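Following: one structure in structure tokens, then a few remarks.
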Amino acid sequence: MSAIWGIIDFHGAPESEVAERLNGAYQCYRIDRYEKLSAGGAEFGCCHQHFTKEAVNEQLPVYDRQRNLLFTADCVLDNREELLELLPDCGGEASDGQLLLAAYLKWGSALGDYCLGAFAFAAFHTDTKTVTLCTDHMGNRSLFYSRQGERFIFSTAVLPLARLCEAVPSEQWISGCLFSASADMTLFKGLTPYQGIFQMPAACMMTITSGGSSQAIYWSPLKLRPDLRQPNDEAYQRLFVDTLSASVRSMLRSSQKTGCSLSSGLNSSSISALAAAALAEQGRSLYSYTSVPLPDFPKTDDPGIITDETPGVKAMCAQYANIIPHFLPCWGRDAFSELPALLPLIGYPLKYGQDLIWLSEIYRHASVEGCRLMLKGQYGNYTISYGTAPSALHQLLASLHPFKASRLNKGYSAKYGVPKIKISRFLFARRQGNPSPASDEPAEPLTAPELIQKYRLNAVTGKKLKIYGSGHMDSRRQRLNLTVNPFNQMQLGMFDTVMGLIYGVLIRDPAKDKRVVELCCRLPVKCLLAGSVEQGMVRTYMRGLVPDEILDELHRQGIQSADYCYRSRLQWRNHRAKVLAALELPELRRYVNPALLDGLLDRLQNTAAEKLPEADLRQANVLYSFSLFLQLF
């Protein structure tokens, strides 16, 4: 596993000084060693991180003189043993990069049928002056690229590439990003915050020549046969657990400690349970890291929210003695404190500064304590724990299965104490109108009105919602599209990759594994409400593996950074002057609704810290992030 970069000059050779600048831009990250190699008008680099024993002596880039091929890769493979059998000439000590190269040479664009894992690679055929870039099935590893005349450049991290290209902000990307009130960053597929720099989508093989480029998507679970039928519920449970367990076990390759982000949520608990069981067989421990609120944070009156997830984590530790817990109150940190240091390393403005409070603290602690592999379950929201009653019932009705819908409705009604007629009336009313919930965008988005009109942001957002749904009452097609939503894949791939570079950890999500994704796309709709409960697959199929007190929590949900507003108000005196100055930045006003910005500034200047509304703190945090980003140029 590593970060890779490359410069290809189709009519000459890149200057060594240019390659040194690109390689030097990675010095700010936690890299174990650097290598670079030039051939045929190109220079490739590899910034190695030693996450597995095979990576310690891995040699990348490499040049195959017989085939006139320059190759470099950022990869960790999840099916090494299988590939070693299929590629016997590689030898048992082959590195993952060697196996990936051998797979590319043998299978070409069909390598996705054989290789599993997190990977991105580049190959340059020096005789034909052809470049091939490839990303893994789910885009776990980011890969950015730019075309500069007759020069083509690629990079794992976006910031080194942006600095080399002296890139300027992308008005279109920023306008789209600010338009959405959610944490979603990208409204236009493939675009980045930098004009002329693009991100490779997942499962993509791209070919570049002097004359142009083309992209091909080599895998999509949407093409699989639906409804993977099993004889009974026990068979569905066995298939689900076996598939998720195989994914978890295949990722446990770290030669050092293994850690995980653990809350009382279904996803992280399921992943951690399977990982702890697998590590216990080897006599090893799983080091868990949990964000907890400040001790003096007032308890919430909201009956549907769990602000402190400590009890659920302790229940996990009681069931798995080899989980070594760490509870992190993140002293002195808030949504504003982490941005000035991290944003220049990430290279992106962020809309979820409150999550940096605990994410940065978790990865920092894990790295210091020797965890080189960090597991998480975030993508489970789209796979293993997907499933609301309205969505499942709507899909059955839309596919003309009213009796199946009625049976599920009966079980759900009994479990949750909601009258069947009330559920039926809700579904009927929604099906008479828009089957997807209304957009949660604010009446006045942050984006300047003229930019909303210029880039047709209302229409673009509406089209996106129609394709991917909202996760609440979606059609089957929307459900499948959401599972492999390229916008989510790119955003998570970018963030996990760069955070791994910053802290020297490999971040993996078994819920984002190709095998798990394919299974969740093929299981019948009834599995979404297995056991007559929402998120039925994890709640029912993980019974006995995850503590009952977690699985049976039907009416409350744990919230990470639940105290983020409280923290920001406590620290506002320290941040106020610099945040207000950042929001006054002239370059920022170009993108933001002036009336909204002026009103926000007025409230921030004239409201006591303890009375600052959550909405104002959130908007201030987003705009502060964008201001810091614009100041990079």
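Just so you know, these numbers come straight off a predicted model, no measurement behind them.
Between Val313 and Phe327, some side-chain heavy-atom pair lies under the 4.5 Å cut-off. Put simply, the side chain of Leu159 does not reach to within 4.5 Å of the side chain of Ile346, judged on heavy atoms. The side-chain heavy atoms of Thr258 and Arg372, taken from C-beta on, include no pair separated by under 4.5 Å. Using a 4.5 Å heavy-atom threshold, the side chains of Tyr363 and Ile507 count as touching. At least one side-chain heavy atom of Arg508 sits under 4.5 Å from a side-chain heavy atom of Leu373. Tyr289 is not listed as a side-chain neighbour of Leu262, based on a closest heavy-atom distance of 4.5 Å or more. When side chains are defined from C-beta on, Val18 does not count as touching Ile153, because their heavy atoms never get closer than 4.5 Å. Side-chain contact between Tyr34 and Gln27: present, with at least one pair of heavy atoms (C-beta onward) separated by less than 4.5 Å.
Between Ile217 and Pro201, the shortest heavy-atom contact is CD1-CG, 4.3 Å. Nearest heavy atoms, Phe626 versus Pro349: CE2-CG, 3.7 Å. Closest heavy-atom contact between Thr130 and Thr209: OG1-CG2, 3.8 Å. The two residues Gln98 and Glu93 make their nearest non-hydrogen contact at OE1-O, 4.4 Å. Taking each heavy atom of Val517 and Ala511 in turn, the nearest pair found is CG2-O, 4.4 Å. The minimum heavy-atom distance between Ile357 and Cys330, with the atom names listed, is O-SG, 3.6 Å.
Atom-to-atom distance recorded for Leu451:CG and Leu178:CG is 9.0 Å, nearest 0.5 angstrom. With values rounded to the nearest 0.5 angstrom, Ile362 atom CD1 is found 11.5 Å from Cys371 atom SG. Expressed to the nearest 0.5 Å, how far CE of Met185 lies from OG of Ser180 amounts to 10.0 Å. Atom-to-atom distance recorded for Ile31:CD1 and Ser2:OG is 8.0 Å, nearest 0.5 angstrom.
Side-chain polar atoms of Ser175 and Glu171 form no donor-acceptor pair below 3.5 angstrom. Between His50 and Arg33, the side chains place a donor N or O and an acceptor N or O closer than 3.5 Å (distance only, hydrogens not considered). With hydrogens and angles left out, the side-chain atoms of Ser268 and Ser263 include a donor and acceptor closer than 3.5 Å. Remark: the Ser360 side chain and the Glu338 side chain contain an N/O donor-acceptor pair separated by less than 3.5 Å. For the residue pair Glu58 / Ser95, a side-chain donor-acceptor distance below 3.5 Å is found, with atom types taken as modelled. Between the side chains of Asn23 and Glu20, no donor-acceptor pair of N or O atoms lies under 3.5 Å. Tyr26 and Ser155 form a side-chain donor-acceptor contact under 3.5 Å, judged by distance and modelled atom types alone. Between Gln148 and Ser146, the side chains place a donor N or O and an acceptor N or O closer than 3.5 Å (distance only, hydrogens not considered). A side-chain N or O of Ser367 and one of Arg30 form a donor-acceptor pair less than 3.5 Å apart.
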(message) Applying side-chain contact (heavy atoms from CB on, under 4.5 Å) to His125 and Asn68, what does each step give before you reach the verdict?
(response) CA-CA 6 Å; His125 298 264; Asn68 299 308; over 6 Å; no
(request) Could you check Met138 against Asp513 for side-chain contact (heavy atoms from CB on, under 4.5 Å), going step by step and ending with a plain yes or no? (result) CA-CA 7 Å; Met138 294 299 294; Asp513 180 271; over 6 Å; no
(request) Show your reasoning for whether side-chain hydrogen bond (donor to acceptor under 3.5 Å, both in side chains) applies to Glu150 and Ser210. (result) CA-CA 7 Å; Glu150 289 299 315; Ser210 177; 2.9 Å; yes
(message) Run Tyr624 and Gln619 through side-chain hydrogen bond (donor to acceptor under 3.5 Å, both in side chains) and show every step you take.
(response) CA-CA 8 Å; Tyr624 180 54; Gln619 287 188 342; over 6 Å; no
(message) Please determine whether side-chain contact (heavy atoms from CB on, under 4.5 Å) holds for the pair Thr290 and Leu328, giving the CA-CA distance in whole Å, both sets of side-chain angles, and the decisive distance to 0.1 Å.
(response) CA-CA 6 Å; Thr290 304; Leu328 307 177; over 6 Å; no
(message) Please evaluate residues Thr72 and Glu35 with respect to the criterion side-chain contact (heavy atoms from CB on, under 4.5 Å), reporting the C-alpha separation (whole Å), side-chain torsions for both, the decisive distance (0.1 Å), and the verdict.
(response) CA-CA 10 Å; Thr72 192; Glu35 289 187 90; over 6 Å; no
(message) Show, in sequence, the C-alpha distance, side-chain angles and deciding distance for Asn140 and Asp496, and conclude whether the side-chain hydrogen bond (donor to acceptor under 3.5 Å, both in side chains) test is met.
(response) CA-CA 8 Å; Asn140 291 289; Asp496 287 348; over 6 Å; no
(request) List the steps and the verdict of ring-ring contact (aromatic ring centres under 6.0 Å, His included) for Tyr104 and Phe121. (result) CA-CA 10 Å; Tyr104 173 63; Phe121 71 80; 5.3 Å; yes
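Between Arg364 and Glu361 there is a salt bridge, since a side-chain N of the basic residue sits under 4.0 Å from a carboxylate O of the acidic one. Salt-bridge annotation for Asp509 and Lys376: absent, with no side-chain N of the basic residue lying under 4.0 Å from a carboxylate O of the acidic one.
Ring orientation note: the planes of Phe188 and Tyr455 are nearly perpendicular, at an angle over 60° on the 30°/60° scale. Using the six-membered ring where Trp is involved, Trp173 and Tyr348 have ring planes that are perpendicular, over 60° apart on the 30 and 60° scheme.
Residue Lys578 places its NZ atom among more than 12 non-hydrogen atoms of other residues, nucleotides or ligands, all under 6.0 Å distant.
Checked against the 6.0 Å centroid criterion, the rings of His137 and Tyr218 qualify as a close aromatic pair. Side-chain rings of Phe152 and Phe10 stay apart, their centers remaining 6.0 Å or farther from each other. Under the 6.0 Å cut-off for aromatic ring centres, Phe633 and Tyr194 qualify, their centroids lying closer than that. In summary, the aromatic rings of Tyr379 and Tyr382 are positioned with their centroids under 6.0 Å apart. Remark: aromatic rings of Trp5 and Phe144 are distant, center separation not under 6.0 Å.
Considering only residues two or more places apart in sequence or on other chains, Glu614 meets the salt bridge (Lys or Arg N to Asp or Glu O under 4.0 Å) condition with Arg618.
Only one option out of Asn621, Leu356, Leu342 pairs with Leu350 in a side-chain contact (heavy atoms from CB on, under 4.5 Å); it is Leu356.
For Lys257 and Tyr287, the positive end sits near the middle of the six-membered ring, less than 6.0 Å away and at most 45° from its axis. For the pair Lys36 and Phe44, the cation-pi test (distance below 6.0 Å, angle within 45°) is failed.
The salt bridge (Lys or Arg N to Asp or Glu O under 4.0 Å) pairs that include a residue from residues 46-57 are Glu54-Arg80, Glu54-Arg253, where partners are two or more places apart or lie in different chains.
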